[in-house]
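This structure is a prediction, so every number in the text was calculated from the model and none was measured.
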Amino acid sequence: VSDACPDSKPSSLYPGAFVSYVACQAQVNREEVVNCPHSTSCKCQNNNTGVDYSRFPSAYGKACGEHDAEKCYEWWGPGSDAGLWNTSAGGNDWCCDSWCYVGADCPLQDGMGEAVLPY
């Protein structure tokens, strides 16, 4: 992409070239990106720096798993400080989803969680 693109970043492979993951997000093939042998940005990072270990287990988000399933209501329910509880039917199905923290440059990331890395 052009360096004038607001979300462009310098390429680490080609000096003077720029890349944009945001520009391609709508066209990303999830399976290809996750299984790409040339990139680890969308693989579980085995890193959960920033997670509050007094609230969450030490392995929270390090590997792919249903990290919130057992204590979803306790951690994220109306009595928590999180404010994420959805009162509509099926609104909290995400608690049973498998996930992990991925690299900051993964175009498939969903957002920021409890750690410094996106999930």
Over all atoms of both residues, closest heavy-atom pair of A69 and C96
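Distance-wise, the nearest heavy atoms are CB-CA, 4.3 Å.
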Kindly give the heavy-atom pair with the smallest separation between K43 and Q45, and that separation in Å.
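Shortest heavy-atom separation between K43 and Q45 comes out as O-NE2, 2.7 Å.
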May I ask you to check whether W75 and Y73 place their ring centres under 6.0 Å from each other?
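Not under 6.0 Å, so no.
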Review point. Has the side chain of N48 got a donor or acceptor atom that lies under 3.5 Å from a matching backbone atom of G61?
Key: no
Taking atom NZ as the centre, does K71 end up with more than 12 heavy-atom neighbours from other residues, nucleotides or ligands that are less than 6.0 angstrom away?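 Counting neighbours around NZ of K71, 12 or fewer heavy atoms of other residues, nucleotides or ligands fall under 6.0 Å, so no.
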inquiry  = Return the SG to NE2 distance between C100 and H67, rounded to the nearest 0.5 Å.
reply    =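 Answer rounded to 0.5 Å: 6.5 Å.
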When rounded to the nearest 0.5 Å, the distance separating CH2 of W99 from SG of C64 is 10.0 Å
S54 meets the side chain to side chain donor-acceptor pair (under 3.5 Å) criterion, sequence neighbours left out, with D52
For S58, the side chain to side chain contact (heavy atoms under 4.5 Å, CB included) test, sequence neighbours excluded, returns Y53
Side chain to side chain contact (heavy atoms under 4.5 Å, CB included) filter on E70, not counting sequence neighbours, yields none
